Amino acid sequence: QVQLVESGGGLVQAGGSLRLSCAASGRIFSSYTMGWFRQAPGKEREFVAAISKISGSTNYADSVKGRFTISRDNAKNTVFLQMNSLKPEDTAVYYCAVTLRGGSYYVTTAASYDYWGQGAQVTVSS
């Protein structure tokens with residue numbers, strides 16, 4: 001089993017920054033992808049960003065490119081999401097997740113992920 005614990009959510013004004021962290025524990029496999037998804041009220045869960053443990057390859061949703069940066073610390077099995085230039089439309093519950101699959105199709109699809117964090121509320125005021 002894999003457990004994911006998130007931290008770093010909060011309230012910020014438009015244009016501000018937040019950094020989310022997600023630490024994985026339990027049975028950690030040698031190869032996996034860690035990703036971030038978000039869900040706003042009345043909307044489906046959407047892909048934000050992902051990073052491969054082995055290659056470091058990243059993938060971003062068009063809506064966050066140039067503003068968000070995903071990174072990882074493999075020694076600590078931790079993934080980070082640096083969010084800059086935040087907008088009110090970024091307001092959502094953010095979830096980290098782990099998938100054992102690879103390939104762009106899989107890492108951008110929520111159904112491909114096997115383990116999920118508890119969620120962190122991010123609220124951006126105008």
Side-chain angles (χ1 to χ4, degrees):
Q1 297 183 358
V2 175
Q3 294 81 43
L4 303 175
V5 179
E6 303 177 33
S7 62
L11 174 65
V12 66
Q13 294 185 8
S17 299
L18 284 174
R19 190 191 193 204
L20 302 180
S21 299
C22 177
S25 62
R27 296 183 179 180
I28 307 301
F29 297 94
S30 60
S31 180
Y32 60 85
T33 295
M34 297 188 73
W36 290 94
F37 290 77
R38 65 187 183 186
Q39 188 166 23
K43 296 185 177 180
E44 295 185 359
R45 189 167 298 185
E46 66 175 350
F47 171 77
V48 176
I51 187 167
S52 168
K53 176 182 178 178
I54 301 301
S55 70
S57 178
T58 58
N59 209 319
Y60 294 94
D62 289 340
S63 60
V64 305
K65 285 182 178 178
R67 300 189 298 120
F68 291 11
T69 302
I70 189 170
S71 61
R72 85 273 200 244
D73 183 342
N74 284 347
K76 297 182 178 180
N77 291 312
T78 300
V79 65
F80 307 95
L81 185 67
Q82 179 67 46
M83 304 182 291
N84 298 326
S85 301
L86 283 163
K87 305 174 181 179
E89 51 262 43
D90 294 317
T91 296
V93 177
Y94 284 70
Y95 299 90
C96 67
V98 168
T99 179
L100 303 182
R101 300 178 176 88
S104 295
Y105 172 82
Y106 295 106
V107 303
T108 61
T109 302
S112 299
Y113 285 75
D114 304 286
Y115 306 99
W116 293 85
Q118 80 280 10
Q121 177 68 51
V122 172
T123 303
V124 184
S125 62
S126 60

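Because the structure is a prediction, the values reported are computed rather than measured. Side-chain atoms are counted along with the backbone in the values below, which use heavy atoms only and exclude waters and symmetry mates.
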Novice: Would you say F47 and I51 are hydrophobically clustered, going by side-chain heavy atoms of ILVMFWY under 4.5 Å?
Specialist: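 In one cluster with F47: I51, no.
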
Novice: Under 3.5 Å, side chain of Q121 to main-chain N/O of G9, donor-acceptor pair present?
Specialist: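 Pair absent, no side-chain N/O of Q121 close to backbone of G9.
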
Novice: Quick one, L4 and V2 - any side-chain contact, counting heavy atoms below 4.5 Å?
Specialist: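 A side-chain contact exists here, since the closest heavy-atom pair is under 4.5 Å.
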
Novice: Between the main-chain N or O of C96 and the side-chain N or O of E6, is there a donor-acceptor pair closer than 3.5 Å?
Specialist: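 Judged by distance alone, yes, a pair lies under 3.5 Å.
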
Novice: Can you confirm whether V122 sits close enough to T91 that some side-chain heavy atom of one is under 4.5 Å from a side-chain heavy atom of the other?
Specialist: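 V122 does not reach T91 side chain to side chain.
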
Novice: Any donor-acceptor pair under 3.5 Å linking the side chain of T78 with the backbone of A23?
Specialist: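 Checking the backbone N and O of A23 against the side chain of T78, no donor-acceptor pair under 3.5 Å is found.
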
Novice: Is a donor on one side and an acceptor on the other found under 3.5 Å between the side chain of S55 and the backbone of S57?
Specialist: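 Present.
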
Novice: Using a 4.5 Å cut-off on heavy atoms from C-beta on, say whether the side chain of Y94 contacts that of L18.
Specialist: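 With C-beta onward as the side chain, the pair stays apart.
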
Novice: Do M34 and C22 come within less than 4.5 Å of each other through their side chains, counting heavy atoms only?
Specialist: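 They are in contact (side-chain heavy atoms under 4.5 Å apart), so the answer is yes.
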
Novice: I would like to know whether N59 and T108 meet side chain to side chain contact (heavy atoms under 4.5 Å, CB included); could you show each step before the answer?
Specialist: CA-CA 8 Å; N59 209 319; T108 61; 3.9 Å; yes

Novice: Report yes or no: does Y60 contribute a side-chain atom to a donor-acceptor pair with the main-chain N or O of G66 at less than 3.5 Å?
Specialist: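 No.
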
Novice: Just by modelled atom types, is the S112 backbone N or O under 3.5 Å from a matching donor or acceptor in the T99 side chain?
Specialist: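 Yes; at least one donor-acceptor contact below 3.5 Å.
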
Novice: Can you check whether L81 reaches V48 side chain to side chain, under 4.5 Å on heavy atoms?
Specialist: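 Touching, per the 4.5 Å side-chain cut-off.
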
Novice: Heavy-atom distance under 4.5 Å between the side chains of D114 and Y32, does that happen here?
Specialist: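 D114 does not reach Y32 side chain to side chain.
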
Novice: For atom CD of E89, is the number of surrounding heavy atoms from other residues, nucleotides or ligands below 6.0 Å larger than 12?
Specialist: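 Correct, the count exceeds 12.
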
Novice: According to the salt bridge (Lys or Arg N to Asp or Glu O under 4.0 Å) rule, which pairs have a member within residues 45-59, sequence neighbours left out?
Specialist: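 Residue pairs with at least one partner in residues 45-59: R38-E46.
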
Novice: Determine whether more than 12 heavy atoms belonging to other residues, nucleotides or ligands lie under 6.0 Å from atom OH of Y115.
Specialist: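 It does: Y115 OH has more than 12 such atoms within range.
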
Novice: Do W36 and L20 come within less than 4.5 Å of each other through their side chains, counting heavy atoms only?
Specialist: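 Result yes, sub-4.5 Å side-chain heavy-atom pair found.
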
Novice: Are any of the side-chain heavy atoms of D73 and F80 separated by less than 4.5 Å?
Specialist: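 Yes, side chains in contact.
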
Novice: Measuring centre to centre across the rings, with the benzene-like ring taken for any Trp, is F37 within less than 6.0 Å of Y113?
Specialist: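 F37 vs Y113: aromatic centres under 6.0 Å.
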
Novice: To check you understand the geometry: which heavy-atom pair defines the closest contact between N84 and S17, and what is its length?
Specialist: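 In this case the closest contact between N84 and S17 is OD1-OG, 2.9 Å.
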
Novice: When hydrophobic residues are tied together by side-chain contacts of less than 4.5 Å, even through go-betweens, does V12 share a cluster with M83?
Specialist: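 Shared cluster, yes.
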
Novice: Shared ILVMFWY cluster between V64 and Y95, side chains joined below 4.5 angstrom?
Specialist: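 V64 and Y95: separate clusters.
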
Novice: At what distance, to the nearest 0.5 angstrom, does CZ of R72 lie from OG of S21?
Specialist: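 One gets 15.0 Å once the value is rounded to the nearest 0.5 Å.
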
Novice: Please answer whether the main-chain N or O of V93 pairs with a side-chain N or O of Q39 as donor and acceptor at a distance below 3.5 Å.
Specialist: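 Side chain of Q39 to backbone of V93: no pair is present.
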
Novice: Taking only residues two or more places apart in sequence, or in another chain, which ones meet R67 in a salt bridge (charged side-chain N to carboxylate O under 4.0 Å, His left out)?
Specialist: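 For R67, the residues satisfying salt bridge (charged side-chain N to carboxylate O under 4.0 Å, His left out) (neighbours in sequence not counted) are D90.
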
